[in-house]
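One structure is given here, and the rest of the page talks about it.
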Amino acid sequence: MLFSGNAFSLSSDDGILNLRFNLADSKVNIFNAVAIEELEKALDAADQQTGAKGMLLSSAKPGFVAGADINEFTALFANDGTELAALVKHASGLFNRIEEFHAPTVALINGDAQGGGFEFTLACDFRVMADNARVGLPEVKLGILPGWGGTVRLSRLIGVDNAIEWMCTGASKKSDAALKDGAVDAVVGVDHLMSAGQQMIASAVAGKLPVKPRRSLKQSPLMLSPIEKAMAFETAKGVVGAKAGPHYPAPMTIIATIEAHADLGRDEALVIEAKNFVKLSQTDVASSLIGIFLKDQQISRIARGYKKQAGEVAQAAVLGAGIMGGGVAYQSASNGVPILMKDIRQEALDDGLAEAGKILNKQLQRGAIKPDAAMETLNTITPVLSYGEFGDVDLLVEAVVENPKIKHSVLEEVEGQVSDDTIITTNTSTISVNLLAKALKRPQNFCGMHFFNPVHRMPLVEIIRADTSSDAAIATTVNYALKMRKTPIVVNDCPGFLVNRILFAYFSGYARLIADGGDVHQIDKVMERYGWPMGPAYLLDVVGMDTAKHASDVMAEGFPDRMTTPKNSVIDAMYEAKRLGQKNGLGFFKYELDKRGKPKKLIDPDADKLVASVRSGKLDISDEDIINRLMIPMTNEAIRCVEDNIVSTPAEADMGLVYGLGYPPFRGGILHSVDTQGVANFCQAADAMKNLGPLYEITEETRAMASEGRTFYPQSGAATGEKA
Ligand code: 3H9
């Protein structure tokens with residue numbers, strides 16, 4: 001062994017060096033401070049091997065390298081950027097040393113090579129990739145850009161258009177796509193990586209693989225004429241700018257960075273890249289998106305923590321073959337858990353199967369799955385009209401109509417048909433699981449499993465613990481959600497649970513704002529500019545006015561002090577006028593199907609007249625006040641959910657809204673944004689609206705946090721999820 005440390009080792013086999021990454025005490029290889037320090041030492045040792053034929057870069061873990069250590073970012077980014085700039089320069093200098101190594105270099109990419117991990121390989125002369133590995137530069141998703149030479153080397157290697165697509169989407173590329181674009185030089189089975197790498201070194205030594213031209217390509221300016229340059233960058237700015245929108249600066253900065261260093265050699269280009277990397281690192285958006293990454297990791301760790309107590313779900317069942325039932329059946333079957341789909345009507349079963357078939361067809365058209373896989377998925381959904389095979393079911397999802405009496409009797413009935421150990425869950429969005437548990441003889445085996453519509457798209461599943469739910473029932477349900485590739489968050493029972501409780505505080509604020517004379521179209525535009533995927537009126541149309549009315553009645557009953565909507569609220573008026581939203585083509589807007597069969601939203605004067613009939617005149621209100629009138633109730637409710645222990649961490653509340661409602665990620669989470677704004681400033685904004693009633697009243701605890709200078713997240717590590 002020529003060098004051995006906690007992250008890197010260097011050995012030699014027949015004159016070929018092997019620089020192997022194996023970070024101690026970590027599941028994945030990441031470039032943390034220790035690894036960077038050791039890379040320097042390992043390279044010093046490699047430089048001394050003047051007679052080496054070549055050097056391989058490899059990993060001893062199942063993945064290759066996951067990039068820079070994101071946990072270190074929060075503290076590093078919080079400073080003025082001086083320390084970060086030094087770190088970027090130092091690590092970049094080490095990658096340059098690999099690029100200038102005295103012998104040919106080949107990276108053996110055995111698994112994920114992401115971000116700085118892929119940039120590490122770009123410093124090599126050649127890359128050979130395992131057929132099941134993935135590579136990519138996902139920095140954009142963290143609000144930053146590749147800072148260790150990615151913008152420079154990848155653009156020279158695969159061309160500006162491809163490089164922009166890779167970096168602005170942050171997509172993780174499969175081996176065939178990476179090979180096609182020229183980002184890697186060969187793809188082999190994982191067991192042949194080493195021999196392929198050794199052969200490449202031999203070919204390079206024999207002059208059959210051109211090392212010098214490759215190095216020169218990566219270190220030279222981009223060879224583009226002024227016309228080519230204008231075409232490439234202007235077109236990209238148009239496309240990417242429209243997609244990224246005003247809230248995400250990283251994609252446009254990536255393009256501007258490549259454009260700025262297009263005429264420069266590597267060293268000068270790296271200076272520009274590093275400068276822009278540091279600039280982005282100082283933005284609130286980067287801090288928010290890094291917070292989102294870390295919170296996501298935290299909630300997935302919490303979910304994985306349930307595994308020890310979880311029972312196996314080898315056979316599932318869903319009761320009710322509506323849109324939700326069909327979606328659940330698809331999601332279960334496509335992730336390898338066979339499912340019985342039961343309904344009392346054959347037509348409903350046909351609809352449920354058609355729902356699953358529709359999703360599979362779309363995937364087939366996109367080439368995302370093969371026909372035999374689609375068939376297999378459909379074959380593992382068994383439509384049934386009776387309980388005949390229910391004895392073998394491990395976990396059951398009840399997804400019948402949202403009516404407490406019907407759910408009660410269905411749950412009572414099904415309990416008699418399954419085994420004593422079967423976990424019974426209910427996909428209710430509003431009905432108390434404590435109430436429904438009363439239907440059962442074995443309430444310990446029961447909890448809520450609230451999917452969001454459309455099931456195959458929405459990542460969140462709320463797992464609702466009833467007072468009687470056993471830990472094993474919760475754990476098995478969490479595990480089933482994970483198997484379905486969903487993000488489960490365990491919540492305690494209350495009206496609306498986590499997500500709908502918070503959403504309906506927002507709708508309650510909305511109904512009052514309309515009653516006071518707010519303008520539907522102005523409000524929708526303002527809230528979309530705020531970052532929501534859709535404004536409240538459009539969202540109500542998507543949710544459906546019958547569902548919204550039912551849920552807002554439940555909330556008003558559960559929290560009468562603050563969630564009672566005005567008499568004849570705009571939601572009531574729409575419902576009574578049978579304007580149910582997208583489902584019947586009429587709501588706050590009217591809907592027509594476009595050429596692709598998607599509902600197109602159109603202004604409808606009749607809807608505007610109806611809204612005018614419930615308003616008391618016209619309110620002249622600033623955009624900022626609109627935001628406060630809707631977001632303060634929502635934020636207050638999120639705070640209450642943490643205080644009332646509906647969820648146990650701020651991170652779960654924040655991620656619940658990101659995954660369940662599409663809360664804008666660039667704001668980092670609803671509680672994160674209170675920290676960004678300052679808890680005292682939030683209190684001040686809420687106090688300014690306290691004449692509007694209890695929805696705007698902040699809690700005693702929030703006031704105490706403000707006066708004691710406490711925050712939801714520790715401030716130098718704004719996203720560990722622990723309460724500060
Ligand atoms: C970057 O590189 C910037 C540079 O251009 C320039 C810098 C100056 N940092 O997901 P898993 C943890 S930015 C810290 O379950 P998988 C993760 O939290 C970086 N920790 O594995 C988890 O911890 P725990 C760009 C990380 O096999 C454990 O590792 N890179 C990092 O399902 C296992 O992770 C990215 O954005 C990290 N970079 O998936 C890639 N990566 O066990 C982010 C992972 O305690 N990472 N961890 O819960 C990923 O996308 C996936 O982890 C990956 C592996 C696909 C690589």
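Throughout, numbering of the chain's residues begins at 1 and tracks the sequence. Predicted model only: the values in this text are computed from it and were never measured. Ligands are counted one by one from 1 in listed order, and the atoms in each one are counted from 1 as well.
- For ligand 1, the atoms sitting less than 4.0 Å from at least one non-hydrogen atom of Glu139 are 1 (C), 2 (O), 3 (C), 4 (C), 5 (O), 13 (S), numbered in the order shown with element in parentheses.
- Summarising the geometry of Ala123 relative to Thr105, their closest heavy-atom pair is O-OG1, 4.5 Å, with the distance given to 0.1 Å.
- Using a 4.0 Å threshold on non-hydrogen atoms, atom 9 (N) of ligand 1 counts as touching the protein.
- Checked by atom type, the side-chain pair Ser300/Gln297 shows no donor-acceptor distance below 3.5 Å.
- Within a 4.0 Å radius of atom 27 (O) of ligand 1, the protein has no heavy atom.
- Inside a 4.0 Å radius of atom 50 (O) of ligand 1 there is not any protein heavy atom.
- Within a 4.0 Å radius of atom 35 (C) of ligand 1, the protein contributes at least one heavy atom.
- Under a cut-off of 6.0 angstrom, the local environment of CD in Glu100 is crowded, with over 12 non-hydrogen atoms contributed by other residues, nucleotides or ligands.
- Within 6.0 Å of CD in Glu376 there are 12 or fewer heavy atoms belonging to other residues, nucleotides or ligands.
- Numbered from 1 in the order shown, with element, the atoms of ligand 1 that lie under 4.0 Å from a heavy atom of Gly115 read 2 (O), 25 (C).
- The shortest N or O to N or O distance between Gly147 and ligand 1 is under 3.5 Å.
- Some N or O of Gly116 is nearer than 3.5 Å to an N or O of ligand 1, by distance alone.
- Residue, atom and distance of the protein heavy atom nearest to atom 20 (N) of ligand 1 are Asn71 ND2, 3.7 Å.
- Salt bridge annotation for Lys483-Glu312: present, with a cationic side-chain nitrogen under 4.0 angstrom from a carboxylate oxygen.
- By the criterion of a heavy-atom distance under 4.0 Å, the side chain of Arg304, and not its backbone, is placed next to ligand 1.
- Between Asp263 and Lys229 there is a salt bridge, with a side-chain nitrogen of the basic residue lying less than 4.0 Å from a carboxylate oxygen of the acidic one.
- Between Phe77 and Phe73, the ring planes are parallel. Angles under 30° get that label, and only those over 60° would be called perpendicular.
- Ligand 1 has no N or O atom lying under 3.5 Å from any N or O atom of Asp112, backbone or side chain.
- In the candidate list Ala68, Gly63, Ala91, Ala68 is nearest to atom 19 (C) of ligand 1, counting heavy atoms.
- Residue contacts with ligand 1 for Ile70 involve both N, CA, C or O and side-chain atoms from C-beta outward (heavy atoms, distance under 4.0 Å).
- Using a cutoff of 4.0 Å between basic side-chain nitrogens and carboxylate oxygens, Arg667 and Asp654 are not scored as salt-bridged.
- Residue Lys141 does not touch ligand 1, judged by heavy-atom distances below 4.0 Å.
- Contacts of Phe277 with ligand 1, taken as heavy-atom pairs under 4.0 Å, involve the side chain alone.
- Those atoms of ligand 1 with a heavy atom of Pro146 less than 4.0 angstrom away are 5 (O).
- Taking each of Gln114, Arg301, Lys27 in turn, the one with a heavy atom nearest to atom 23 (O) of ligand 1 proves to be Arg301.
- Listed by atom number, the atoms of ligand 1 under 4.0 Å from Val28 heavy atoms are 29 (O), 33 (C), 44 (C), 47 (N).
- Every atom of ligand 1 is numbered from 1 in the order shown, and the set under 4.0 Å from a heavy atom of Ile30 is 9 (N), 14 (C), 31 (C), 37 (C), 38 (N).
- Residue-level proximity to ligand 1 for Asp69 is carried by backbone and side chain together, each with a heavy atom below 4.0 angstrom.
- Scanning all protein heavy atoms for the shortest distance to atom 52 (O) of ligand 1 gives Ala66 CB, 4.8 Å.
- Less than 4.0 angstrom separates atom 32 (O) of ligand 1 from none of the non-hydrogen atoms of the protein.
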Problem set entry | From CA spacing to verdict: side-chain hydrogen bond (donor to acceptor under 3.5 Å, both in side chains), Glu273, Thr151 | CA-CA 7 Å; Glu273 180 188 270; Thr151 71; 2.6 Å; yes
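- Only side-chain heavy atoms of Leu142 come within less than 4.0 Å of ligand 1; its backbone N, CA, C and O stay farther off.
- Close contacts of ligand 1 with Glu119, meaning ligand atoms under 4.0 Å from a residue heavy atom, involve 4 (C), 5 (O).
- Heavy-atom contacts of Phe293 reach the following atoms of ligand 1: 43 (C) (cutoff under 4.0 Å).
- Salt bridge annotation for Lys295-Glu652: absent, with no cationic side-chain nitrogen under 4.0 angstrom from a carboxylate oxygen.
- Ring geometry for Phe21 versus Phe120: interplanar angle over 60°, hence perpendicular rather than tilted (30 to 60°).
- Within a 4.0 Å radius of atom 16 (P) of ligand 1, the protein contributes no heavy atom.
- The shortest non-hydrogen separation linking Arg465 to Tyr306 is NH2-OH, 4.0 Å.
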For this session: Test Phe8 against Phe3 for ring pair (Phe, Tyr, Trp, His ring centres under 6.0 Å), laying out the working first.
Result: CA-CA 8 Å; Phe8 284 98; Phe3 174 85; 8.1 Å; no
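- Aromatic ring centres of Trp148 and Phe277: separated by at least 6.0 Å.
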For this session: Report the C-alpha distance between Ser11 and Asn18 in whole Å, list the side-chain angles of each, state the deciding distance to 0.1 Å, and finish with yes or no for side-chain hydrogen bond (donor to acceptor under 3.5 Å, both in side chains).
Result: CA-CA 5 Å; Ser11 59; Asn18 185 359; 4.6 Å; no
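- A pairwise comparison of heavy atoms in Arg156 and Leu264 identifies NH2-O, 3.1 Å as the closest pair.
- Close approach of ligand 1 to Gln297 (heavy-atom distance below 4.0 Å) involves ligand atoms 17 (C), 18 (O), 22 (C).
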